[in-house]
Amino acid sequence: MKILTVIGARPQFIKAAAVSRAIKKSKNIKEIIVHTGQHFDKNMSDIFFEEMSIPRPDFNLEINSLSHGAMTGRMLEGLEKIIMDEKPDFVLVYGDTNSTIAGALAAKKLHTKVAHVEAGLRSFNMDMPEEINRILTDRISDILFCPTDTAVKNLKNEGFDNFPSKIIKNGDVMYDAALFYKTKARKPEVNLPSKFILATVHRQENTDNINRLQNIFKALETISGETTVVLPIHPRTRKKLESANITPANIMLIDPVGYLEMIWLITHSELIMTDSGGLQKEAFFFEKPCITLRDETEWVELVDNGFNILAGADYDKIIASYRNFLENKPVFNIELYGKGNASEIIVETLLMQ
Ligand code: UD1
Ligand code: UDP
């Protein structure tokens with residue numbers, strides 16, 4: 001069996017690392033990896049392939065830094081050519097980025113089967129590019145690998161039982177990755193305080209709205225006055241802070257780090273504050289409370305169980321959530337994202353087709 005994996009953005013490298021390990025073990029699958037080039041800085045892309053032993057991409061389309069339409073369109077064209085040449089049995093796509101929808105659409109139009117990992121997630125916010133990408137990808141996928149019960153329920157509510165696609169709840173491949181790489185965690189080469197809060201901010205809804213960006217950074221500045229906030233900064237956010245003249249003097253901004261350093265930072269932090277999807281779950285995997293800097297989340301089970309508070313970009317809410325977690329530490333005593341074998345289930349399922 002031949003599988004063509006399409007990845008392009010940081011979280012997809014981490015997810016694909018887990019699945020590629022399972023594919024390699026199975027021996028009966030040949031995996032071709034296409035990197036769309038969406039993320040391209042060394043510490044947004046190469047570092048993951050180097051540190052995590054992900055097979056090197058067979059193709060790199062080098063498409064990035066464009067508007068949504070231009071980026072997705074060019075990816076579609078490049079991917080179509082590769083799929084026509086390689087004739088895979090399945091195209092495997094992850095998550096909700098422009099690389100995801102481009103991979104799924106290019107494949108489906110060529111009548112190539114599509115498997116979507118992280119299917120069924122919804123924020124119900126159609127202003128998010130990710131929500132559009134994931135809804136459309138789900139609808140044209142043949143196999144929908146859902147990480148949670150909520151994801152399965154979302155698909156059923158949208159009538160997916162009436163479609164010919166297969167819905168499989170396999171758990172979260174990010175949990176597989178966290179379990180495997182945690183023993184390899186490495187301290188980043190920067191001087192860190194003994195006690196710190198880890199933060200990331202990169203979502204378009206926050207970076208492209210000056211009010212939200214200002215409120216979030218004002219709150220992080222205040223908190224950093226008490227416990228240093230360490231923030232590995234996404235290039236998108238660095239650019240936006242510069243153009244908005246926001247200079248977060250108190251916050252410790254560092255360059256983006258690789259996944260092994262990131263695990264070190266997570267496990268040594270007091271608390272996580274983020275608008276990232278992946279990091280909300282990693283906070284849970286490593287038993288850290290999380291404040292989400294968004295108005296909604298796809299990972300509702302974290303909020304329902306008190307591990308995560310949705311604070312949006314509201315200064316007062318962010319500060320109140322921080323104080324709440326200082327006083328009330330959640331007890332992490334349930335399993336929400338499978339058993340760490342989500343990647344194996346994907347491989348077994350594909351081999352049965
Ligand atoms: C993308 C995904 C988002 C995901 C995120 C993971 C879409 C629509 N969004 O957002 O869902 O959460 O990846 O991090 O696909 N840039 C660099 N160097 C890089 C990467 C990006 O300078 O290595 C710059 C680009 O030039 C661009 C900006 O950051 O100006 C945004 O990059 P883009 O890939 O469009 O979106 P992300 O915000 O990274
Ligand atoms: N991450 C990383 N280095 C960083 C910031 C994040 O390795 O400097 C990891 C993070 O631990 C998680 C993934 O990247 O596994 C999440 O990526 P991101 O926040 O960019 O995207 P999202 O999950 O929101 O789509």
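Every number for a ligand or one of its atoms is a count from 1 in the order of the listing. Since the model is a prediction, treat every value here as computed from it, not as a measurement.
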Trainee: Which atoms of ligand 2 have any heavy atom of Gly258 under 4.0 Å away?
Mentor: 7 (O)
Trainee: Does some non-hydrogen atom of Met174 fall short of 4.0 Å from ligand 2?
Mentor: yes
Trainee: Going by atom types only, do Ser123 and Glu296 share a side-chain donor-acceptor pair under 3.5 Å?
Mentor: no
Trainee: Just which atoms of ligand 2 are under 4.0 Å from any heavy atom in Pro256?
Mentor: 8 (O)
Trainee: Go ahead and list the nitrogen or oxygen contacts between ligand 1 and the protein that come in under 3.5 Å, distances to 0.1 Å, or just say none.
Mentor:
residue  : atom   : partner : partner atom : Å
ligand 1 : 11 (O) : Glu130  : OE2          : 2.7
ligand 1 : 12 (O) : His202  : NE2          : 2.8
ligand 1 : 13 (O) : His39   : NE2          : 3.3
ligand 1 : 15 (O) : Gln38   : NE2          : 2.8
ligand 1 : 15 (O) : Asn98   : N            : 2.9
ligand 1 : 18 (N) : Asp41   : OD2          : 3.0
ligand 1 : 22 (O) : Lys239  : NZ           : 3.3
ligand 1 : 23 (O) : Phe40   : N            : 2.9
ligand 1 : 23 (O) : Asp41   : N            : 2.8
ligand 1 : 26 (O) : Ser65   : OG           : 2.6
ligand 1 : 26 (O) : Lys239  : NZ           : 3.2
ligand 1 : 30 (O) : Lys239  : NZ           : 3.4
ligand 1 : 34 (O) : Gln38   : NE2          : 3.1
ligand 1 : 38 (O) : Arg236  : NE           : 2.5
ligand 1 : 38 (O) : Arg236  : NH2          : 3.0
ligand 1 : 39 (O) : His39   : NE2          : 2.7
ligand 1 : 39 (O) : His234  : NE2          : 2.9

Trainee: For Glu31 and Ser20, does a side-chain donor sit closer than 3.5 Å to a side-chain acceptor?
Mentor: yes
Trainee: Would you be so kind as to tabulate the donor-acceptor pairs closer than 3.5 Å made by side chains of residues 239-247, with sequence neighbours excluded?
Mentor:
residue : atom : partner : partner atom : Å
Lys240  : NZ   : Asp208  : OD1          : 3.4
Ser243  : OG   : Lys239  : O            : 3.3
Ser243  : OG   : Lys240  : O            : 3.2

Trainee: Against ligand 2, does His234 come closer than 4.0 Å with any heavy atom?
Mentor: no
Trainee: For residues Glu221 and Ile251, determine if any side-chain heavy atom of one lies less than 4.5 Å from a side-chain heavy atom of the other.
Mentor: yes
Trainee: Mark up the atoms of ligand 2 that fall under 4.0 Å of a heavy atom belonging to Gly277, in ascending order.
Mentor: 22 (P), 23 (O), 24 (O)
Trainee: Mind checking whether Glu261 contacts ligand 2 via backbone (N, CA, C, O), side chain (CB onward), both or neither, at a 4.0 Å heavy-atom cut-off?
Mentor: neither
Trainee: Does an N or O anywhere in Arg10 fall below 3.5 Å from an N or O of ligand 2?
Mentor: yes
Trainee: State, without any angle test, whether Thr292 and Asn308 hold a side-chain donor-acceptor pair at a distance under 3.5 Å.
Mentor: yes
Trainee: Tell me: protein heavy atom nearest atom 9 (C) of ligand 2, and distance?
Mentor: Ile14 CD1, 3.8 Å
Trainee: Considering heavy atoms of the protein only, find what lies nearest to atom 11 (O) of ligand 2 and give residue, atom and distance to 0.1 Å.
Mentor: Glu282 OE1, 2.6 Å
Trainee: Name every donor-acceptor pair, under 3.5 Å, that has one atom in a side chain of residues 171-184 and the other anywhere in the protein, sequence neighbours excluded.
Mentor:
residue : atom : partner : partner atom : Å
Asp172  : OD1  : Met174  : N            : 2.7
Asp172  : OD2  : Lys281  : NZ           : 2.8
Asp176  : OD1  : Ala342  : N            : 3.2
Asp176  : OD2  : Ala342  : N            : 3.0
Asp176  : OD2  : Ser343  : N            : 2.6
Asp176  : OD2  : Ser343  : OG           : 2.6
Tyr181  : OH   : Met52   : O            : 2.9

Trainee: Return the minimal non-hydrogen interatomic distance between Ala106 and Leu79, and the atom names on each side.
Mentor: CB-CB, 3.9 Å
Trainee: Any donor-acceptor pair under 3.5 Å linking the side-chain atoms of Thr200 with those of Thr274?
Mentor: yes
Trainee: Could you check whether the rings of Phe163 and Phe160 sit parallel, tilted or perpendicular, using 30° and 60° as the cut-offs?
Mentor: perpendicular
Trainee: Counting heavy atoms only, which of Ser276, Pro11, Gly95, Gly278 is nearest atom 19 (O) of ligand 2?
Mentor: Ser276
Trainee: Considering only heavy atoms of Arg203, which atoms of ligand 2 have at least one such atom less than 4.0 Å away?
Mentor: 22 (P), 24 (O), 25 (O)
Trainee: Aromatic contact between Tyr94 and His116, with the criterion being ring centroids under 6.0 Å apart: yes or no?
Mentor: no
Trainee: Pair up each side-chain donor or acceptor in residues 57-64 with any protein partner under 3.5 Å, not counting sequence neighbours, and list the distances.
Mentor:
residue : atom : partner : partner atom : Å
Asp58   : OD2  : Ile33   : N            : 2.7
Asn60   : OD1  : Glu62   : N            : 2.8
Asn64   : ND2  : Gly37   : O            : 3.0

Trainee: Ring-plane angle category for Phe332 and Phe284, please: parallel below 30°, perpendicular beyond 60°, tilted otherwise.
Mentor: tilted
Trainee: Report, in ascending order of atom number, the atoms of ligand 2 lying under 4.0 Å from any heavy atom of Phe48.
Mentor: 7 (O)
Trainee: Check whether any N or O atom of Val257, backbone or side chain, sits under 3.5 Å from an N or O atom of ligand 2, and answer yes or no.
Mentor: yes
Trainee: Within a distance under 4.0 Å of any heavy atom of Pro232, pick out the atoms of ligand 2 and give their elements.
Mentor: 8 (O)
Trainee: In the structure I gave you, are the side-chain heavy atoms of Met252 and Leu192 within less than 4.5 Å of one another anywhere?
Mentor: yes
